[in-house]
Chemist: 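Take a look at the following structure, please.
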Amino acid sequence: MAPAIEGMVPAIESSEGNNKMNKGYQYPSWKKKLRGLVVDNEELCRIVEKGIMGLCGVETQAVETGEAAVELIASGATFDIIVIDRFLPSMTGPETARKMREMGVESKIIGLFALYFEGDEEEFVAAGVDDFKEKPLSPNWLVPMLRELDN
Amino acid sequence: MERNQMHRQVSVMRQSLFDQGYLDEQFIQLEELQDDANPNFVEEVVTLYYRDSSRLILSIDQALERNPLDFNKLDTYMHQFKGSSTSIGAKKVKAECTQFREYCKVGNGEGCMRTFQQAKKEYTILKRKLEAYFQQARQSGPSETACRPRN
C-alpha cells in the first residue's frame with residue numbers, strides 16, 4: 001500500500017460525479033472538472049491542503065515554491081483555483097500571485113496565512129488575489145467558492 | 001466482547017482529546033482523508049508533523065538565544081510552526097503560537113520565550129496523547145469509523 005506522503009492522491013481521483021456522504025459531511029459533485037493548485041513550502045501543509053481540495057472534488061496539484069507554480073503555468077497548466085501561502089522561500093506569496101496575473105491567469109487565487117501580519121492582506125490584494133484567508137483551508141468556505149466557479 | 005470494549009476505549013480517548021481542547025475540527029478533516037486506500041493517513045500526517053516540527057523548534061530555540069532577538073526571523077519560524085500545527089488541529093499549540101506573535105509584535109522577548117516554553121509543553125503533551133491513542137487504535141484493530149468507505 002502506498003504511504004500517505006508527498007505525491008499521495010486522495011481516494012477521489014475523478015472530480016466528476018462525486019457525492020460522498022460521511023460523518024455528516026456531504027461533499028459536492030461538480031458539472032465541470034475543477035482543477036486546483038496548492039503553493040506551500042511546508043510538506044505537511046501541501047499534503048493536507050491537497051487532500052482537502054480533493055475531498056471537495058478538485059483535482060489538485062501541489063508545489064513548494066512560487067517559481068515552481070509559475071513554471072507549471074508557463075508550461076500550459078490551467079487551474080480553476082490556486083491557493084498560495086503567505087510565506088514562500090524566495091518568490092513571496094504576493095509576488096507569485098502578481099506574476100500569475102501578469103501571465104494572464106484568471107483563476108480564483110486565494111492567499112493563505114497562518115499568522116496575521118499587518119500589511120499582508122493589502123499586499124496580497126494589490127497583487128491581485130481574490131481573497132485572503134486564514135488557515136486551515138476549510139470545505140466551509142471552499143465549497144461555496146467552488147460552487148460559483150462551477151456555474 | 002473484548003474487541004468492542006477496545007473500540008469503545010479508543011472512541012473515549014479520541015473524544016477526550018477534543019473535549020480537553022487538545023484537538024480541533026481540523027483533526028476530523030484528517031480523519032475524512034483516511035480511507036481504504038490510505039488507512040493510516042492520520043497517523044502518518046501526525047508523524048510527519050512531529051518530525052518536521054522538531055527541526056523548527058530547534059531553530060526557534062536557537063533564535064531565542066540570540067542577542068538581540070531577530071523578531072522578523074522569529075515571526076517567520078512561528079508562521080511555519082503555526083501553519084503545521086493548524087494543519088493537524090493542534091489547538092493548544094496553535095493558541096500559543098498566536099500568543100507568541102503578539103509578543104513578537106511588540107518586541108517583548110521575555111514574553112516570546114515564556115510563550116514558546118508553553119508551546120513546547122503543549123506540543124509534547126499532545127504527542128504523548130496521540131501516540132497512546134494511535135497505539136490503542138492499532139491494537140483494537142479496524143473499526144467502521146476508522147476508514148471512510150469508498151463509494
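Computed from a prediction, not measured in an experiment: that's the story for all the values here. The sequence lines fix the lettering, A, B, ..., with proteins before strands; numbering per chain opens at 1.
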Chemist: In terms of hydrophobic clustering (I, L, V, M, F, W, Y; side-chain heavy atoms under 4.5 Å; direct or indirect links), are A/V70 and A/F124 co-clustered?
Modeler: yes
Chemist: Side-chain contact test, heavy atoms from C-beta onward, threshold under 4.5 Å: evaluate it for A/K50 versus B/L33 and give yes or no.
Modeler: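 No; the side chains remain at least 4.5 Å from each other.
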Chemist: Within the structure provided, determine whether A/P139 and B/Q29 are in side-chain contact (heavy-atom separation under 4.5 Å).
Modeler: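 Touching, per the 4.5 Å side-chain cut-off.
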Chemist: For A/I47 and B/E44, what are the C-alpha separation, side-chain angles and deciding distance, and is it a side chain to side chain contact (heavy atoms under 4.5 Å, CB included)?
Modeler: CA-CA 11 Å; A/I47 289 171; B/E44 286 172 9; over 6 Å; no
Chemist: Does any backbone or side-chain atom of A/N41 lie under 4.5 Å from a heavy atom of chain B? Answer side chain, backbone, both or neither.
Modeler: neither
Chemist: How many angstroms lie between CG in A/L137 and OG in B/S87, if you round to the nearest 0.5 Å?
Modeler: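 Spacing of CG (A/L137) from OG (B/S87) equals 9.5 Å.
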Chemist: Any idea which heavy atoms bring B/H79 and A/A114 closest together, and the distance?
Modeler: NE2-N, 3.0 Å
Chemist: Given that the side chain runs from C-beta out, which part of A/F117 has a heavy atom under 4.5 Å from chain B: side chain, backbone, both or neither?
Modeler: both
Chemist: So with a 6.0 Å cut-off around CD of B/Q15, is the heavy-atom count from everything else above 12?
Modeler: yes
Chemist: At their closest point, which heavy atom of B/S84 faces which heavy atom of A/C45, and how far apart are they?
Modeler: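 It is N-SG, 4.2 Å.
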Chemist: What's the separation between atom CD in A/E42 and atom OG1 in B/T86, rounded to the nearest 0.5 Å?
Modeler: 11.5 Å
Chemist: What about B/F81 and A/F113, same hydrophobic cluster or not, with Ile/Leu/Val/Met/Phe/Trp/Tyr joined at side-chain heavy-atom distances under 4.5 Å?
Modeler: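 Shared cluster, no.
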Chemist: What option among A/D40, A/V48, A/L112 has the most heavy-atom pairs under 4.5 Å with chain B?
Modeler: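 The option with the most such pairs is A/V48.
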Chemist: Are A/L55 and A/L37 linked, directly or through other ILVMFWY residues, by side chains that come within less than 4.5 angstrom of each other?
Modeler: no
Chemist: Distance from A/I52 atom CD1 to B/L30 atom CG, nearest 0.5 Å?
Modeler: 7.0 Å
Chemist: For B/Q117, does the CD atom have more than 12 heavy-atom neighbours from other residues, nucleotides or ligands under 6.0 Å away?
Modeler: yes
Chemist: Determine yes or no for a side-chain-to-main-chain donor-acceptor pair under 3.5 angstrom, with B/R101 supplying the side chain and A/L115 the backbone.
Modeler: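 Not confirmed, B/R101 side chain does not pair with A/L115 backbone.
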Chemist: Does a sphere of radius 6.0 Å around CD in B/Q62 hold more than 12 heavy atoms from other residues, nucleotides or ligands, not counting ones at 6.0 Å or beyond?
Modeler: yes
Chemist: Can B/F18 be reached from B/I88 by stepping across I, L, V, M, F, W or Y side chains whose heavy atoms are under 4.5 Å apart?
Modeler: yes
Chemist: Decide yes or no for B/K82 and A/K135: does some side-chain heavy atom of the first lie under 4.5 Å from some side-chain heavy atom of the second?
Modeler: no
Chemist: More than 12 heavy atoms of other residues, nucleotides or ligands under 6.0 Å from NZ of A/K99: yes or no?
Modeler: no
Chemist: Verify the cluster assignment for A/M91 and A/M103: are they in a single hydrophobic cluster under the rule of side-chain heavy atoms below 4.5 Å apart?
Modeler: yes
